[in-house]
Amino acid sequence: MQLSTLDSRTTEDRPEPSLVSPLPILTDIAVVGLGYVGLPLSLQFARSGVNVLGLDVDADKVNALNEGRSYIKHVATETVADQVKANRLEATTDFARVDEVDAVIICVPTPLNKNREPDISFILQTGRAIAPHLRKGTLVVLESTTYPGTTDEDLRATLEAGSGLKAGEDFHLAFSPEREDPANPDSKVGEVPKLVGGLTPACLEKAVRLYSRAIKTVVPVSSCRVAEAAKLLENIFRSVNIALVNELKLVYASMGIDIWEVIAAAKTKPFGFMPFYPGPGLGGHCIPIDPFYLTWKAREFEHSTRFIELAGEINTSMPDYVVHRVAEALNNSGKAIKGSRILILGLAYKPNVDDERESPSYRLLEKLKQRGAIVAYHDPHVPVIRPTREHPHWTGTKSVPWTRPTISGFDLVLIATAHASVNYRELADWAQCIVDTRNVMAGVQIASAKVWKA
Ligand SMILES: NC(=O)c1ccc[n+]([C@@H]2O[C@H](COP(=O)([O-])OP(=O)(O)OC[C@H]3O[C@@H](n4cnc5c(N)ncnc54)[C@H](O)[C@@H]3O)[C@@H](O)[C@H]2O)c1
């Protein structure tokens, strides 16, 4: 086990941590919520020799896993099949089976509600479902991103009420934030250091032992709240820095300066600078949402989170800027948005994934349609739009085929996501006009009048 602590001492200098007292090895765990976070985590534990019981309310996912099939594009079916065949991974919708395991890890969604306030109802539902089946000594770890206090107040109260057991005495409770970066080959679940905070020292000890079975570096912190707050800091840091380059993009564009060239130049500085890149708006299940978990909680302590609000405001306004650039590009050819055929290239919120939750592409589709454009999308990873709560009216819409007649039939192609599998050389040859929000056309030889950066 490699224990990383937050002090600056090397492993050799440090006294052997008290965490490594002889405790039984945890061999059976349940992972609740088998989505983008829960499935890769389950597989990592299974590969490490832990028996994993996957729990989900979605019977389709449960059936797929038991048949050895993956339903996430960047998780290979063979990886799932190997663990199912080895009897290391089984899935169920039966929460009563929590009484078979030593630890339960919760990876359920934490969205915002209609008023953009935290919705921890999935966590509390899970708490209510597992509480009656907790045994003395079971460890419960929350991984879902949330505001400080969720684990030791909300989840704790739900588990205690439903089980009649006391957290920290009868069962263990901890928080360990997920740091999943889907489709990033350099981000392997077992290699990314894992923060862990426990309700008591004994809770921490047990949680560190659990994760050390599957994760190379486990970083203990002093409480669940520190671990919850650290995850929010990581995501707020991204949101604020993306907003900064989005704002600079507009300022520099007015000065005739290309933000992409500026960032490439600045990042040659070997210290004190980290590049962030502009785009058509924030997407995904984390960066547009998580910062507002803190905003909401901060109000209870009479604080306003001005940086977070400002970053949200700037990032949210980006699709309007992109639409403005689309209007300029069309206008240049004597066309209006109204009646023009516009193709959004890339529906997923980031390159090379099939996840289009919270994608700014939806906002671009809506805004252009409202202005009278005839809109369509192409995304090699999203052949058809699945039903979603947020965009029900796009359900069933299909990605248009990637052929010269189809692509050249659009008045304008708007690049929203830079998927690596798209042939941008062909796009340069086929498209009438391109608006590029990702700078992907920079390396492609093309008439400059045809490409508009946005
Ligand atoms: N996706 C990411 O890249 C990422 C990265 C870091 C953190 N997170 C955080 O991890 C958490 C999970 O995110 P995700 O992307 O895996 O979500 P997801 O929607 O992909 O998966 C959630 C799963 O939970 C299941 N579920 C919902 N309610 C349930 C319930 N009551 N009981 C059991 N299962 C239930 C759903 O059916 C789904 O399979 C969120 O808090 C998110 O903010 C996500």
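Residues take their numbers from the sequence shown, with the count starting at 1. In each ligand, atom 1 is the first atom listed, and ligand 1 is the first ligand listed.
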Next item on the list: Report yes or no: does R179 have a heavy atom closer than 4.0 Å to ligand 1?
Entry: no
Next item on the list: Show which atoms of ligand 1 fall inside a sub-4.0 Å distance from at least one heavy-atom site of D58.
Entry: 37 (O)
Next item on the list: Among all protein heavy atoms, pick the one closest to atom 21 (O) of ligand 1 and tell me residue, atom and distance.
Entry: G35 CA, 3.2 Å
Next item on the list: Pick out which of P288, S359, C286 makes a side chain to side chain contact (heavy atoms under 4.5 Å, CB included) with Y349.
Entry: S359
Check: Is it the side chain (CB and beyond), the backbone, both or neither of C286 that lies under 4.0 Å from ligand 1, heavy atoms counted?
Finding: side chain
Checklist line | Spatial distance of atom OG1 (T437) from atom OH (Y321) [nearest 0.5 Å] | finding: 11.0 Å
Next item on the list: Drop me the distance from T395's OG1 to I385's CD1, to the nearest 0.5 angstrom.
Entry: 7.5 Å
Next item on the list: Give the C-alpha distance, both sets of side-chain angles, the deciding distance and a yes or no for salt bridge (charged side-chain N to carboxylate O under 4.0 Å, His left out) between D436 and K453.
Entry: CA-CA 5 Å; D436 183 1; K453 290 195 183 188; over 6 Å; no
Next item on the list: Verify side-chain hydrogen bond (donor to acceptor under 3.5 Å, both in side chains) between D379 and H419, making sure each step is shown before the conclusion.
Entry: CA-CA 8 Å; D379 192 314; H419 287 311; 2.9 Å; yes
Note to self: Counting only nitrogen or oxygen atoms and a 3.5 angstrom limit, does Y349 reach ligand 1?
What the structure shows: no
Margin query: Any heavy atom of K231 closer to ligand 1 than 4.0 angstrom?
Written below: yes
Margin query: Distance under 4.0 Å to a non-hydrogen atom of T126: what atoms of ligand 1 satisfy this?
Written below: 30 (C), 31 (N), 32 (N)
Next item on the list: Answer with side chain, backbone, both or neither: which part of S144 has a heavy atom less than 4.0 angstrom from an atom of ligand 1?
Entry: both
Next item on the list: Please confirm whether E178 comes within less than 3.5 Å of ligand 1 when only nitrogen or oxygen atoms on both sides are compared.
Entry: no
Checklist line | Check: Y362 ring centroid to Y377 ring centroid under 6.0 Å | finding: no
Notebook entry, point to check: How far is atom 27 (C) of ligand 1 from its nearest protein heavy atom, and which residue and atom name does that atom have?
Noted result: P109 CD, 3.6 Å
Note to self: Checking a contact table here: which protein heavy atom is nearest atom 31 (N) of ligand 1, and how many Å away?
What the structure shows: Q125 OE1, 3.1 Å
Check: Can you find an N or O of T145 that's nearer than 3.5 Å to an N or O of ligand 1?
Finding: yes
Notebook entry, point to check: Using a distance-only test with no angle check, is there a side-chain donor-acceptor pair under 3.5 angstrom linking D28 and N51?
Noted result: yes
Margin query: Checking the N or O distance criterion of under 3.5 Å, is ligand 1 in contact with T110?
Written below: yes
Margin query: Assess the residue pair L34 and L65 against the criterion (side-chain contact (heavy atoms from CB on, under 4.5 Å)); give the C-alpha distance rounded to whole Å, side-chain angles, the decisive distance to 0.1 Å, and a yes or no.
Written below: CA-CA 9 Å; L34 301 167; L65 286 191; 3.7 Å; yes
Checklist line | Heavy-atom closest pair, residues S361 and A416 | finding: OG-CB, 3.4 Å
Next item on the list: Considering heavy atoms of the protein only, find what lies nearest to atom 19 (O) of ligand 1 and give residue, atom and distance to 0.1 Å.
Entry: R357 NH1, 3.2 Å
Checklist line | Interfacing atoms of ligand 1 (cut-off 4.0 Å, heavy-atom, F95) | finding: 32 (N), 33 (C)
Notebook entry, point to check: So, is the end of the K267 side chain (NZ or CZ) under 6.0 Å from the ring centre of W260 and within 45° of the ring's axis?
Noted result: no
Notebook entry, point to check: Considering only the protein, which heavy-atom contact is closest to atom 1 (N) of ligand 1, and what is its distance?
Noted result: Y36 CB, 3.6 Å
Notebook entry, point to check: Quick one: which ligand 1 atoms are inside 4.0 Å of a heavy atom on L34?
Noted result: 23 (C), 39 (O)
Notebook entry, point to check: Can you find an N/O atom of E143 closer than 3.5 Å to an N/O atom of ligand 1?
Noted result: no
Item checked: The one among E234, E180, H285 that brings a heavy atom closest to atom 13 (O) of ligand 1 -> H285
Next item on the list: Would you mind listing which atoms of ligand 1 come within a distance below 4.0 Å of any non-hydrogen atom of P182?
Entry: 3 (O)
Item checked: Stepwise salt bridge (charged side-chain N to carboxylate O under 4.0 Å, His left out) test for K350 and D181 -> CA-CA 10 Å; K350 66 178 261 187; D181 188 8; 2.6 Å; yes
Next item on the list: Return the residue, atom name and 0.1 Å-rounded distance of the protein heavy atom closest to atom 8 (N) of ligand 1.
Entry: V37 CG2, 3.6 Å
Margin query: Suppose I only count heavy atoms of V32 and a 4.0 Å limit; which atoms of ligand 1 are within that range?
Written below: 32 (N), 33 (C)
Checklist line | side-chain contact (heavy atoms from CB on, under 4.5 Å) evaluation trace for K188 with K216 | finding: CA-CA 10 Å; K188 298 197 172 71; K216 205 161 141 197; over 6 Å; no
Next item on the list: Please step through salt bridge (charged side-chain N to carboxylate O under 4.0 Å, His left out) for the pair E366 and R363, ending with a clear verdict.
Entry: CA-CA 5 Å; E366 302 285 358; R363 298 198 55 218; over 6 Å; no
Checklist line | Nearest neighbour in protein (non-hydrogen) for atom 29 (C) of ligand 1 | finding: V57 CG2, 3.6 Å
Notebook entry, point to check: Using a distance-only test with no angle check, is there a side-chain donor-acceptor pair under 3.5 angstrom linking E228 and T146?
Noted result: no
Notebook entry, point to check: What is the closest protein heavy atom to atom 24 (O) of ligand 1, and at what distance does it sit?
Noted result: G33 CA, 3.3 Å
